[in-house]
Amino acid sequence: MPELPEVETIVRALQPHLTGSKLRNPKIFKTDVLRHVSPRRLIEVINNNTVQDVTRRAKHVVIRLATGERVVIQPRMTGNLLVYDRRLTPSESRYVVFRSAIGDGKTFVYRDVRRLGTISLLDATAWESYTQSIGPEPLADDFTAERFADILTRTRQAIKKALMDQRLLAGVGNIYANEALFRAGIDPSRSADRVTQDAAHRLYDAVRGVLAAAVAAGGTTVRDYRNVAGDPGAYQQALLVYGRDGAPCVRCGTRLHTTHSIDGRSTTFCWRCQGRSS
DNA sequence: ACGAGGTCCTGCGAGC
DNA sequence: TGCTCGCAGGACCTCG
């Protein structure tokens, strides 16, 4: 899926197309992505409703409607949110999950090959309780190093797993967890609660730094991620460890190593730069 | 409380 | 060429 920078890129691009526009003739083609809402009810609420605003929370795209409900889309691995100003070709129409006209001849599309992504419809109360169950936004102005360090003390999980735990911290997935841990020089398997204050501070800077840089680059495209216009991001060129298994560490030249021992996800790191002293 | 592993899906590339 | 297998930006669940 897109992680925070990719969803942020999507949301920024969606805003001018969707904000204030009326959703007409919405259609759902795959119903297994819906959560807590029936196809009929979703269509009923969306149809002829106006988009009040589009925001990001963690890795979710949040489309707030004039009537107060929020359509919350979580693209996960292969979900794409796209806006077309023409008819879709047959190959573009493949894997389309949801589609709606948004005025000026434009079409808003949610396309998802693997359909691990989800669409839910939440009223104000349900949204409030959901957003409170997710950790803080790492790029928020009021997210301090002290708060980050405090989060790490709450779990004995491997630091990499903790970074990706959405209940603890919002928006970080596998790519940026790998990158941040390398930047900070921390062993990904180290217990979160045993990361030193010094290392926690470095990791705080690294997480914010890598996320901000990736947002500025329009996200990372390894394979499936596309922005609203259908174009890939640019941050993949700047990745220091993710996808570089066997290549030399940019810092010390040691061959990078990949393991799947942490939460079954690929973890690429430098034995030498991310040693036990962290 | 934690870690390990399966599940939801489909496509792709590697290896035989 | 054609197959089988493992893997993929995620998250939720059960089991031990």
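Residue numbers start from 1 in every chain, and the chains themselves are labelled A, B, ... in the order their sequence lines are given, proteins ahead of strands.
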If you round to the nearest 0.5 Å, how far is OG1 of A:T267 from CG of A:D245?
11.0 Å

Euclidean distance, A:L152 CG relative to A:R154 CZ, rounded to 0.5 Å
9.5 Å

Would you mind telling me which of C:dA11, C:dA8, B:dC2 lies closest to the side-chain atoms of A:Q74?
C:dA11

If you check every side-chain atom of A:H260, which of B:dC2, C:dA8, B:dC9 has the closest atom?
C:dA8

Interatomic distance at [atom1], [N] relative to [M], whole Å:
| N | M | atom1 | result |
| --- | --- | --- | --- |
| C:dC5 | B:dG6 | P | 15 Å |
| C:dC3 | B:dC9 | P | 24 Å |
| B:dG5 | C:dC7 | P | 13 Å |
| B:dG3 | C:dG9 | C1' | 23 Å |

Tell me whether A:D32 is salt-bridged to A:K30, with the criterion being a basic N under 4.0 Å from an acidic carboxylate O.
no

Does this structure show an ion pair linking A:R183 with A:E179, if we count only N-O contacts that are shorter than 4.0 Å?
no

Below 4.0 Å: OP1/OP2 of [N] and any side-chain N or O of [X]:
| X | N | answer |
| --- | --- | --- |
| A:Y242 | C:dG9 | yes |
| A:S266 | C:dA8 | yes |
| A:K59 | C:dA11 | yes |

From CG of A:D165 over to C1' of B:dC2, roughly how many Å is that when rounded to an integer?
12 Å

Map A:R167 and A:R114 onto DNA chain C by nearest heavy atom, then report which one ends up closer to the 5' terminus.
A:R114

Return the 5'-most residue of the pair A:I175, A:D263 with respect to DNA chain C, ranking by each residue's nearest nucleotide.
A:I175

Tell me the partner of B:dC9, counting only Watson-Crick (N1-N3 plus N6-O4 or O6-N4) or G-U wobble (N1-O2 and O6-N3) with both under 3.5 Å; none if nothing fits.
none

Using purine N1 to pyrimidine N3 plus N6-O4 or O6-N4 for Watson-Crick, or N1-O2 and O6-N3 for G-U wobble, both under 3.5 Å, which nucleotide pairs with C:dT4?
B:dA14

If the glycosidic angle is within 90 degrees of 0 it's syn, otherwise anti, so just tell me which one C:dG9 is.
syn

Touch check for A:G173, heavy atoms < 4.0 angstrom, all strands: base, sugar-phosphate only, or nothing?
sugar-phosphate

Assess A:R99 against A:Y84: is NZ or CZ under 6.0 Å from the centre of the six-membered ring, and within 45 degrees of the ring's axis?
no

